*Asks:* 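I am attaching a structure below and will ask some questions about it afterwards.
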Amino acid sequence: MSEQIRVRFAPSPTGPFHIGGARSALFNWLLAKKYAAGKFVLRIEDTDRVRSTRESEENIKAALKWLGMDWDEGIDVGGEYGPYRQTERLDLYQKYTDQLIAEGKAYYCYCSEAEIEAERTALKAENKMPIYQGHCRNLTPDQIAQYEAEGRRPVVRFRTPENQQVRFKDLVRGDMCFDSNGIGDFVIVKADGIPVYNYAVVLDDALMKITHVIRAEEHLSNTPRQVVLYEALNMPIPTFGHISLILGKDHTKMSKRHGATSVDQYRQLGYLPEAIVNYLALLGWAPQDEKEIFSSEELIAAFSMDHVAKNPAVFEIDKLNWINAQYMKQAAPERIALLAVPHLVEKGYISGPFSEEEMKRFVRFIAVIQDHLSYAAQVVDFAAIYFNDKVEVSVGEMSESLLDETAPAVIEMFKEMLQALDQVTAETVQPIFKAIIKAFKANGQKIGGQKVYMPLRVAITGQMHGPDLAQIIEVLGRERVIARIDGAMASVR
RNA sequence: GGCCCUAUGGUCGAGUGGUCAAGACGCUGCCCUCUCAAGGCGGAAGCAGGGGUUCAAAUCCCCUUAGGGCUACCA
C-alpha cells in the first residue's frame, strides 16, 4: 500500500452519530494513521437538504474528537481540496454534469415522479427489475421544447453502458463483478439541481484524491454505479473496502430498540472513549495475536485491512462493558468522579458540581469502588454508601445481623478501638477487625469474621454487600462512621 | 421479484486442504475473601443442511436454508 494513502469519512448529518458510523470512521482513521503521509479527511454529505442539520454535523465532529479521531483535512480545518461540505460544492459538480451531457454520457429526463413510479410498478408486476426504461434517452429538440413548455423540471440521468461487466476490487470482499444491465440509467442530479449521493460521492472522492474508500457494506451494491461514473468521468477509481454492518442482539440492523446506539449516549453513560475505540476495532477486525486491550497507538500499529471480517457483527454490550471496565481500573479516579457528577445530580445526591474539597474526598471513594465499575454512571449504584449518613436498616437479614447476640459487643469494641486510633486509614482500621475476633477468642468465644464484619458493614453502609469495609471507613472518617453506627443501632432497638 | 453480500459455540472471532478446531466476552466450578466485585485456575459450549472435488475438507465447487444489503429526484 502506498504511503500517499488518503482516506475519508463522509457522514450525512441527518441524526445522532451512530456507533456504526464511528466504526467506519475508525477504520479509515486507523488506515491513515498507519502511514506517515496518510491523510484522513472529513467531508460532510449534506445533499439531503431536508434531513441534514447543522446540529447533527456538530454532534459528529464532537463525537469524533471525543473518540480521538482527529482529521487532517476537511470541515473546520480546511485543506487544498475544499470546500468539504457538499452543498458548498454545487458549482464544482455543475461543471462535470455539463461535460457529461455534452459528451452524451448523461441526459435530461423529463419524466415525472408519478410516471417513473407507474413504470416501476408495472415492471415489478412482471417480475422484472424496476430500472428506468430509457423513455427520455433520445429526446428530439422538439420533444424537449414541448416538455419545457409544460413546465417540467428535468433531472439528469446517467447513460449507463449496456451489456458490460462492471468490475472492481474490494479489500474485504475480493474481486467484485456486476452486470451493468442491472443498473439502468440512474439519476445523478435531482430536479432541484442537487446531485444525488452516488454522483457527488464519486466527484468528491476523485477530486479530493481519495485512494481508499472504506465504508459500510450497505454501499456495496451502489459501487458499480459509482464505478461506471468514474469511468465516464475518466477519473481514477479508488480501492474500495466494504465493511460489514453492525447488528443488534436480535441480528437485525442496530436501532433504538437495541438500547444505546449513538456515540453520545455512551459518552453520557460514562464510557471511556479509548474503550469504545478499542471495542469498535475488535468488531470486524482481529489482531494477529491474542491481544484484546489496545491503546490507539497499538491499534494503529496492528491494524490492517487484511484481517477485516466479512460477516456482520452483533454488538455485544457485555463485551464493551468488560473492555470499558479494564480501562476504568486504570483510569484516574478524578476522571471517573467527573463523569459521575451528572448522574449523582440526577439522582439527587448532590445539587451541582463538587467543591474542590468535596471532590478530593469523593475521589478517594471512587478509588475504593473503581474495580466494581463497568462505566461511570454505575457510580450511583454505590453512591448511597458514601452519601447516606442516615443508615436505613431493613428488617430481615440486615436487622438480624445487628441483633445478633455478639453484635452489640462487636460494635462497642469497634467504636472504642476506632476512637483510640491516631489516624483512621484502611491500614489502621484493618487490624481492629482481627483484634475483635481475638478478644472474643480470649473470652472463650469463637466467632468468625462474618460476625464481626457484617454487623459493622450493615451499620455503616446499610448494605450487606460492598467494597472493602476498611477502605470505606477510611474515606468516611471517624465521625461519620460513629454517627452512622449509633443511628443504625438506635433504629433497630 | 431481480442483483449482490454473508454463514465456525449464546456473542466477537482465530483458522486459507492434514490442528485434540485458538483466544476473549458471557455462563459455570474451584481458589482468594466479611460480602459484592476484581484477580487466579478449571469446565460446558461451535464448523447451518445436502451433494460433489480430493488420499484428506471448517477450509475448494454446486444446491438448499437462514440472515443482511441494494433495487430512491435518501445517504
Side-chain angles (χ1 to χ4, degrees), chain A residues 10-14 45-48 50-52 86 109 111-113 116-117 120 123-131 153-157 170 172-173 176-179 181-184 186-198 200-201 215-225 242 244-245 247 249 251-253 279 282-293 307 309-323 325 329 369-374 382 401 433 437 448-458 461 463-470:
Chain A
S12 296
T14 55
E45 309 214 326
D46 58 346
T47 54
D48 184 341
V50 205
R51 296 196 300 146
S52 297
Q86 288 187 326
C109 167
C111 296
S112 69
E113 291 192 53
I116 295 293
E117 187 52 43
R120 231 196 308 269
L123 284 165
K124 276 192 173 175
E126 289 178 58
N127 271 341
K128 284 187 185 153
M129 229 173 144
I131 57 175
R153 305 265 319 269
V155 298
V156 179
R157 280 184 189 275
D170 192 290
V172 353
R173 321 241 155 222
M176 300 298 303
C177 179
F178 288 80
D179 188 339
N181 294 343
I183 297 174
F186 56 96
V187 173
I188 56 174
V189 181
K190 303 181 230 180
D192 61 4
I194 298 186
V196 100
Y197 161 77
N198 275 317
V201 79
R215 65 203 344 176
E217 190 191 332
E218 53 189 319
H219 294 287
L220 184 59
S221 301
N222 274 320
T223 308
R225 274 168 246 274
H242 289 94
S244 59
L245 261 18
L247 270 26
K249 212 165 180 93
H251 291 232
T252 63
K253 202 171 167 178
Y279 177 63
L282 257 22
L283 214 50
W285 167 80
Q288 289 293 73
D289 54 19
E290 287 170 4
K291 201 170 157 68
E292 295 267 354
I293 302 299
H307 292 90
K310 290 197 259 265
N311 48 320
V314 172
F315 186 88
E316 178 100 60
I317 192 73
D318 286 335
K319 180 84 180 229
L320 203 215
N321 284 345
W322 178 79
I323 290 180
K329 277 189 280 192
I369 63 169
Q370 206 162 349
D371 283 357
H372 296 242
L373 304 171
S374 285
F382 298 90
S401 77
F433 303 123
I437 295 173
Q450 177 114 241
K451 295 274 188 202
V452 175
Y453 283 95
M454 209 40 79
L456 287 166
R457 177 176 288 283
V458 168
T461 69
Q463 295 177 16
M464 299 193 67
H465 306 296
D468 184 79
L469 194 53

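First the proteins, then the strands, lettered A, B, ... as listed; each starts at 1. Source: prediction; values computed, not measured.
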*Asks:* Quick one: is B/A75 close enough that its OP1 or OP2 comes under 4.0 Å of any side-chain N or O from A/Thr47?
*Replies:*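 So the side chain of A/Thr47 is within the cut-off, an N or O lying under 4.0 Å from OP1 or OP2 of B/A75.
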
*Asks:* With P as the reference atom in both, quote the distance from B/C20 to B/C25 in angstrom, rounded to an integer.
*Replies:* 26 Å

*Asks:* Which nucleotide sits closest to the side chain of A/Glu290: B/A75, B/G23, B/A14?
*Replies:* B/G23

*Asks:* Considering non-hydrogen atoms only, spot the tightest contact between A/Gln86 and A/Thr47 and give its length.
*Replies:* OE1-CG2, 3.4 Å

*Asks:* Could you check which of B/G26, B/C73, B/U8 has an atom nearest any side-chain atom of A/Trp322?
*Replies:*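 Minimum distance to the A/Trp322 side chain belongs to B/G26.
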
*Asks:* For the C1' atoms, the ones on B/C47 and on B/C31, what distance do you get once it is rounded to whole angstrom?
*Replies:*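 Going atom to atom, C1' in each nucleotide, I get 35 Å.
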
*Asks:* For A/Thr252, answer base if it contacts any base atom (sugar-phosphate contacts may also be present), sugar-phosphate if it contacts only those atoms, and nothing otherwise; contact means non-hydrogen atoms under 4.0 Å.
*Replies:* sugar-phosphate

*Asks:* Heavy atoms from C-beta onward define the side chain here; which of B/U6, B/C36, B/G69 lies closest to that of A/Lys253?
*Replies:*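 Selected nucleotide (nearest to the side chain): B/G69.
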
*Asks:* For A/Tyr453, is there any backbone N or O sitting under 3.5 Å from a side-chain donor or acceptor partner on A/Lys451?
*Replies:* no

*Asks:* So which nucleotide from B/C5, B/C73, B/A38 ends up closest to the side chain of A/Val187?
*Replies:*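 Selected nucleotide: B/C73.
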
*Asks:* When the C1' atoms of B/C30 and B/A44 are considered, how many whole Å apart are they?
*Replies:* 15 Å

*Asks:* Mind checking if A/Asp289 touches a base, just sugar-phosphate, or nothing, with heavy atoms under 4.0 Å?
*Replies:*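 No contact at all - A/Asp289 keeps every heavy atom at 4.0 Å or more from the nucleic acid.
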
*Asks:* Of the candidate nucleotides B/C74, B/G69, B/A37, which contains the atom at the shortest distance from the side chain of A/Glu218?
*Replies:*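 The nucleotide sitting nearest to the side chain is B/G69.
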
*Asks:* Give A/His219 one of three labels, base, sugar-phosphate or nothing, depending on what nucleic acid heavy atoms sit under 4.0 Å from its own.
*Replies:*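 Counting heavy atoms under 4.0 Å across all strands, the contact made by A/His219 includes a base.
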
*Asks:* Measure across A/Lys310 and A/Ser244 and return the closest heavy-atom pair with its distance rounded to 0.1 Å.
*Replies:* O-CB, 3.5 Å

*Asks:* Using a heavy-atom cut-off of 4.0 Å across all strands, would you classify A/Ser221 as base, sugar-phosphate, or nothing?
*Replies:* base

*Asks:* Reckon A/Pro130 touches a base, only the sugar-phosphate, or nothing at all at heavy-atom distances under 4.0 Å?
*Replies:* base

*Asks:* Kindly point out which of B/U11, B/C34, B/C3 is positioned nearest to the side chain of A/Met129?
*Replies:* B/C3

*Asks:* Determine yes or no for a side-chain-to-main-chain donor-acceptor pair under 3.5 angstrom, with A/Ser374 supplying the side chain and A/Ala325 the backbone.
*Replies:*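 Side chain of A/Ser374 to backbone of A/Ala325: no pair is present.
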
*Asks:* Rounding to the closest angstrom, what is the interatomic distance between B/U8 and B/G15 at atom C1'?
*Replies:*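 These two C1' atoms come out 9 Å apart once rounded.
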
*Asks:* What nucleic acid atoms does A/Gln450 come within less than 4.0 Å of, heavy atoms only: base, sugar-phosphate, or nothing?
*Replies:* sugar-phosphate

*Asks:* Touch check for A/Gly182, heavy atoms < 4.0 angstrom, all strands: base, sugar-phosphate only, or nothing?
*Replies:*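 Counting heavy atoms under 4.0 Å across all strands, no contact is made by A/Gly182.
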
*Asks:* Any donor and acceptor pair, going by atom type alone, linking the side chain of A/Asn222 with main-chain N or O of A/Asn198 inside 3.5 Å?
*Replies:* no

*Asks:* How about A/Lys190: does its NZ atom have over 12 heavy atoms from other parts shown lying under 6.0 Å from it?
*Replies:*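 Buried by this count: over 12 neighbours within 6.0 Å.
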
*Asks:* What contact category does A/Gly184 fall into here, base, sugar-phosphate, or nothing, at under 4.0 angstrom with non-hydrogen atoms?
*Replies:*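 If one applies the 4.0 Å heavy-atom cut-off, A/Gly184 turns out to touch nothing in the nucleic acid.
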
*Asks:* Looking for any heavy atom pair under 4.0 Å, which part of the strands does A/Glu113 touch: base, sugar-phosphate only, or nothing?
*Replies:* base

*Asks:* Determine the Euclidean distance between corresponding C1' atoms of B/G29 and B/A14; express it in Å to zero decimal places.
*Replies:* 27 Å

*Asks:* Can you tell me if A/Lys190 touches the phosphate of B/A75, counting only side-chain N or O atoms and a distance under 4.0 Å to OP1 or OP2?
*Replies:*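 For A/Lys190, the contact criterion (side-chain N or O under 4.0 Å from OP1 or OP2 of B/A75) is met.
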
*Asks:* Which nucleotide in the set B/G10, B/A72, B/G13 lies at the smallest distance from any side-chain heavy atom of A/Arg120?
*Replies:*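 So the nucleotide nearest the side chain must be B/A72.
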
*Asks:* To the nearest 0.5 angstrom, please state how far the OG1 atom of A/Thr223 sits from the CZ atom of A/Phe178.
*Replies:*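 If I round to the nearest 0.5 Å, the distance is 7.0 Å.
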
*Asks:* In whole angstrom, give me the gap between the C1' atoms of B/A72 and B/C63.
*Replies:* 34 Å

*Asks:* Side chain of A/Ala313 only, please: which of B/U11, B/G13, B/C5 is the nearest?
*Replies:*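 Per side-chain heavy atoms of A/Ala313, the pick is B/G13.
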
*Asks:* Between A/Asn311 and B/U8, is there a contact of a side-chain N or O with OP1 or OP2 at under 4.0 Å?
*Replies:*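 Yes, within the criterion.
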
*Asks:* Using the C1' atom on both, measure B/U6 against B/G13 and round to a whole Å.
*Replies:* 15 Å

*Asks:* Return yes if the base of B/C34 and the side-chain atoms of A/Arg457 contain a donor-acceptor N/O pair under 3.5 Å, otherwise no.
*Replies:* yes

*Asks:* Categorize A/Ala191 for me: base, sugar-phosphate, or nothing, with a 4.0 angstrom heavy-atom threshold over every strand shown.
*Replies:* base

*Asks:* I want to check one thing: is the phosphate of B/G39, taken as OP1 and OP2, less than 4.0 Å away from some side-chain N or O of A/Lys329?
*Replies:* yes

*Asks:* If B/A7 has a Watson-Crick or G-U wobble mate with both distances under 3.5 Å, name it; if not, just say none.
*Replies:* B/U65

*Asks:* Students often get this wrong, so: under 4.0 angstrom with heavy atoms, is A/Arg215 touching a base, only sugar-phosphate, or nothing?
*Replies:* nothing

*Asks:* Of the candidate nucleotides B/C25, B/C34, B/A75, which contains the atom at the shortest distance from the side chain of A/Glu45?
*Replies:* B/A75

*Asks:* Closest to the A/Val196 side chain: B/G10, B/C73, B/G15?
*Replies:*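 Of B/G10, B/C73, B/G15, B/C73 is nearest to the side chain of A/Val196.
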
*Asks:* Please check this pair: side chain of A/Arg51 against backbone of A/Thr14, looking for a donor-acceptor N/O pair closer than 3.5 Å.
*Replies:*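 No, the answer is negative, given that no donor and acceptor are paired below the 3.5 Å cut-off.
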
*Asks:* When you match A/Asp468 and A/Tyr279 each to their closest nucleotide on RNA chain B, which lands nearer the 5' end?
*Replies:*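 That would be A/Tyr279.
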
*Asks:* Using a 4.0 Å heavy-atom cut-off across all strands, classify A/Lys310 as base, sugar-phosphate, or nothing.
*Replies:* sugar-phosphate

*Asks:* With heavy atoms under 4.0 Å as the rule, sort A/Asn222 into base, sugar-phosphate or nothing.
*Replies:*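 Result for A/Asn222 = base.
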
*Asks:* Identify, between A/Asp371 and A/Asp46, the residue whose nearest nucleotide on RNA chain B lies closer to the 5' end.
*Replies:*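 Here A/Asp371 is the residue nearer the 5' end.
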
*Asks:* Within the 4.0 Å heavy-atom criterion, would you say A/Leu283 contacts the bases, only the backbone, or no part of the nucleic acid?
*Replies:*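 It contacts sugar-phosphate atoms only.
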
